[in-house]
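Note on naming: letters A, B, ... go to the chains in the order of the sequence lines (proteins, then strands), and numbering restarts at 1 for each one.
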2 protein chains.
Amino acid sequence: MNMREIARRAGVSSATVSRVINGSNAVTAETARRVQVILDEAKFIPNPSATTLKYGRSKTYGLVIPDICNPYFSEFLAAFEAALEQIDHEMLLTSVQDAEGLLRSVRRMLMRQVDGAVLMGSEFETQAIEPLLQRRIPIVTLDRRSTDAGRSDVAIDYESGFTEAVLHLRSLGHDRIGFIGGYPQMQTSKLRVNAFRQALQAADLRYDATLVKPGNYRVPGGEAAMAQLLDLPEPPTAVLHANDLSAFGAMLGAHKRGLQVPRDISLIGTDDVLLSEVMHPPLTTVRIPRKRLAQLCIEALEHTKRQEDGRGAQFSLKTELVVRGTTAPPRQARRSTNKPRVRRAPQ
Amino acid sequence: MNMREIARRAGVSSATVSRVINGSNAVTAETARRVQVILDEAKFIPNPSATTLKYGRSKTYGLVIPDICNPYFSEFLAAFEAALEQIDHEMLLTSVQDAEGLLRSVRRMLMRQVDGAVLMGSEFETQAIEPLLQRRIPIVTLDRRSTDAGRSDVAIDYESGFTEAVLHLRSLGHDRIGFIGGYPQMQTSKLRVNAFRQALQAADLRYDATLVKPGNYRVPGGEAAMAQLLDLPEPPTAVLHANDLSAFGAMLGAHKRGLQVPRDISLIGTDDVLLSEVMHPPLTTVRIPRKRLAQLCIEALEHTKRQEDGRGAQFSLKTELVVRGTTAPPRQARRSTNKPRVRRAPQ
DNA sequence: CTGTTAGCGCATTCAG
DNA sequence: CTGAATGCGCTAACAG
């Protein structure tokens with residue numbers, strides 16, 4: 001069933017049918033109505049391939065994510081898909097692990113003539129996305145904190161989020177706060193460590209590099225890092241994590257040592273993955289609002305598209321501290337003092 | 001950059017370029033080589049819209065899943081996407097919660113001219129997918145255990161999987177085994193309860209309806225169901241679960257009652273979601289091999305497409321018991337007897 | 001206000 | 001073995 005057939009049945013030309021479908025007002029109400037009836041009763045379904053072929057625009061946005069199995073990404077994916085449905089666009093999803101995968105991904109996006117692309121997982125060769133930029137396809141990256149011609153960026157405001165988290169801990173009486181991060185080589189990992197550092201500063205707490213351990217954004221990494229922290233002569237009384245999976249791992253590690261959370265150690269995650277709430281105890285975490293993030297990515301895409309000069313813009317997303325069950329005063333609650341920390345005898 | 005331009009540069013016709021791209025052997029090796037060089041240096045990227053428009057085939061398969069956020073589905077999604085990449089096909093992903101969503105999903109698949117569709121979440125109106133069947137688009141459903149013209153089905157063999165699980169428990173000495181299922185109205189839930197029943201029979205154990213509680217395939221449902229089981233005058237010493245999330249919830253519930261797993265109660269999940277392994281203790285579970293399932297779905301699709309008469313076929317997937325840390329002998333281990341069960345005084 | 005026409009890029013006839 | 005011509009469905013430009 002195509003427009004010509006509809007046109008034939010309605011006794012008009014296919015151009016008129018097209019106009020009716022696209023809501024052009026250059027059609028008599030009466031004609032439009034008549035065509036609409038035929039359209040409905042034939043259950044007409046337009047063929048987007050024709051439009052894409054003609055205009056090189058596909059009403060689809062590409063989404064590149066590093067790992068669908070990570071709940072943070074799958075939850076983002078769900079939000080992104082929902083947001084796209086709102087604006088009547090399709091999604092071209094590609095899961096990319098390595099540089100070669102990114103190349104294939106870019107090729108697929110080019111073939112499918114995407115109107116824009118969101119690149120999560122900020123660690124990629126800029127060169128690989130050159131072809132996209134060249135064809136003036138708007139790009140949005142995450143957490144790169146830089147923009148280019150044709151590329152906007154959405155940054156998560158870890159600085160303010162971690163500050164909120166650290167202040168929460170300090171108000172409970174903690175002054176020895178550790179941090180479990182991501183892969184140390186990754187740019188985003190460094191970003192988060194720096195944000196943690198700033199947060200300590202804002203809370204008037206001293207930064208102690210021995211309390212900062214790398215993880216790998218996954219459970220086993222968090223567990224191993226926690227083991228290292230607990231092996232310290234003077235372990236932290238609270239730990240902030242670069243993401244929730246790390247915090248899950250750390251909690252596991254603490255439990256294995258016979259510690260109770262939050263009685264013996266307080267934990268704060270980052271992301272607010274769905275499962276955080278059902279952990280035991282439920283995880284206190286710095287929520288990255290997924291829905292808002294997805295919308296912001298799309299806004300950023302549309303913004304970039306609109307720019308005459310193609311300049312990308314820097315967007316920023318605030319987090320929200322969600323206090324649940326993994327934070328409590330430290331074992332021997334003390335009034336917080338001006339002195340950076342009070343030495344305690346190792347137990 | 002299109003084929004005509006390549007043809008011009010190579011001094012041939014676009015038909016020849018097309019033949020080279022598609023590996024037709026009706027081209028001189030020399031000509032083919034020359035064209036290939038131009039193709040490479042121009043970094044030619046074909047436009048699938050043209051092909052789709054011309055032939056109504058899109059090299060894309062639709063995937064309908066109920067909930068991307070559920071790790072079982074997101075892990076399947078990852079496997080499916082990888083399998084599609086192997087056969088050089090695209091994926092049209094739609095997340096469908098309700099009947100109306102399915103209608104929209106079908107419409108999108110029709111527009112995009114998918115060559116087939118995999119429908120997970122077997123609870124849907126058959127009528128909604130009629131348009132797909134009418135256009136002879138192959139369909140694969142999961143766990144419906146019935147086929148149609150143009151629709152094949154892939155069933156998970158819960159019967160053998162649960163039997164293996166129950167035998168494992170019985171060999172440890174359990175004879176009071178509970179079951180936490182899914183939504184009681186759902187067809188798949190009934191399927192699993194029946195499979196559990198058969199498993200008990202195969203293990204020579206009596207079926208006791210009071211030990212079977214509905215859940216909702218998610219953590220809170222499992223937790224609530226476990227609470228009910230533990231409130232029984234004589235609770236089970238082991239519980240099998242319709243999926244892993246339920247088992248997570250049950251484990252949580254048991255812990256909250258001060259029970260230790262597996263010392264006080266043994267737990268077995270179903271699915272083998274990635275996080276199962278990092279639970280504490282790690283979950284013993286009936287693995288549904290995700291990768292194999294994805295491949296099987298695609299095989300089923302291709303099979304259905306090949307059938308002249310369009311008859312669908314029934315496929316079946318075996319599970320694998322993965323024994324980890326949530327199963328152990330019951331508190332007072334006893335030799336299993338021929339008598340269905342030994343009454344113990346309620347504690 | 002409505003119809004005619006042309007062309008997006010490709011693969012497949014059919015000629016040569 | 002190669003090329004010319006065709007049409008898939010749609011919409012913008014133009015003509016009426």
Report the distance from atom [atom1] of [X] to atom [atom2] of [N], rounded to the nearest whole Å.
X       : N     : atom1 : atom2 : result
A:Glu5  : D:dC8 : CD    : C1'   : 15 Å
B:Met3  : D:dA4 : CE    : C1'   : 13 Å
B:Glu30 : D:dT2 : CD    : C1'   : 14 Å
B:Asn25 : D:dC1 : CG    : P     : 8 Å
A:Arg33 : C:dT2 : CZ    : P     : 13 Å
A:Asn22 : D:dG9 : CG    : P     : 17 Å
A:Asn2  : D:dG7 : CG    : P     : 14 Å

Sidechain N-carboxylate O distance under 4.0 Å for A:Glu81, B:Arg108: yes
Salt bridge (Lys or Arg N to Asp or Glu O under 4.0 Å) for A:Asp115 and A:Arg57? Distances and angles first, verdict last. CA-CA 6 Å; A:Asp115 299 335; A:Arg57 284 177 287 105; over 6 Å; no
Residues in residues 106-113 of chain B with a heavy atom under 4.0 Å of DNA chain D, by number, are none
Of all of residues 47-60 of chain A, which get a heavy atom below 4.0 angstrom from DNA chain D, listed by number? A:Asn47, A:Ala50, A:Thr51, A:Lys54, A:Tyr55
Determine whether the side chains of B:Thr52 and B:Arg112 contain a donor N or O and an acceptor N or O closer than 3.5 Å. no
Please tell me whether A:Glu302 and A:Tyr61 have a donor and an acceptor in their side chains that are separated by less than 3.5 angstrom. yes
Distance-only, no hydrogens or angles: does the A:Ser14 side chain make a donor-acceptor pair with backbone N or O of A:Met3 under 3.5 Å? no
Less than 4.5 Å apart, any side-chain heavy atom of [X] and any of [Y]?
X        : Y        : answer
B:Leu142 : B:Val118 : yes
B:Phe315 : B:Val140 : no
A:Arg104 : A:Thr94  : no

Going from CD on B:Gln314 to CZ on B:Arg145, what distance comes out if it is rounded to the nearest 0.5 angstrom? 7.5 Å
What's the spacing between A:Glu75 CD and A:Ile288 CD1 if we round to 0.5 Å? 11.0 Å
Pick the nucleotide of DNA chain C nearest each of B:Arg4 and A:Ser13; which residue has the one closer to the 5' end? A:Ser13
Heavy-atom nearest nucleotide on DNA chain C for A:Ser14 versus A:Thr31: which residue maps closer to 5'? A:Thr31
Could you write out each protein N or O paired with an N or O of nucleotides 13-16 of chain C at a distance under 3.5 Å?
none

Assign B:Ser18 to base, sugar-phosphate, or nothing according to its heavy-atom contacts below 4.0 angstrom with the strands shown. base
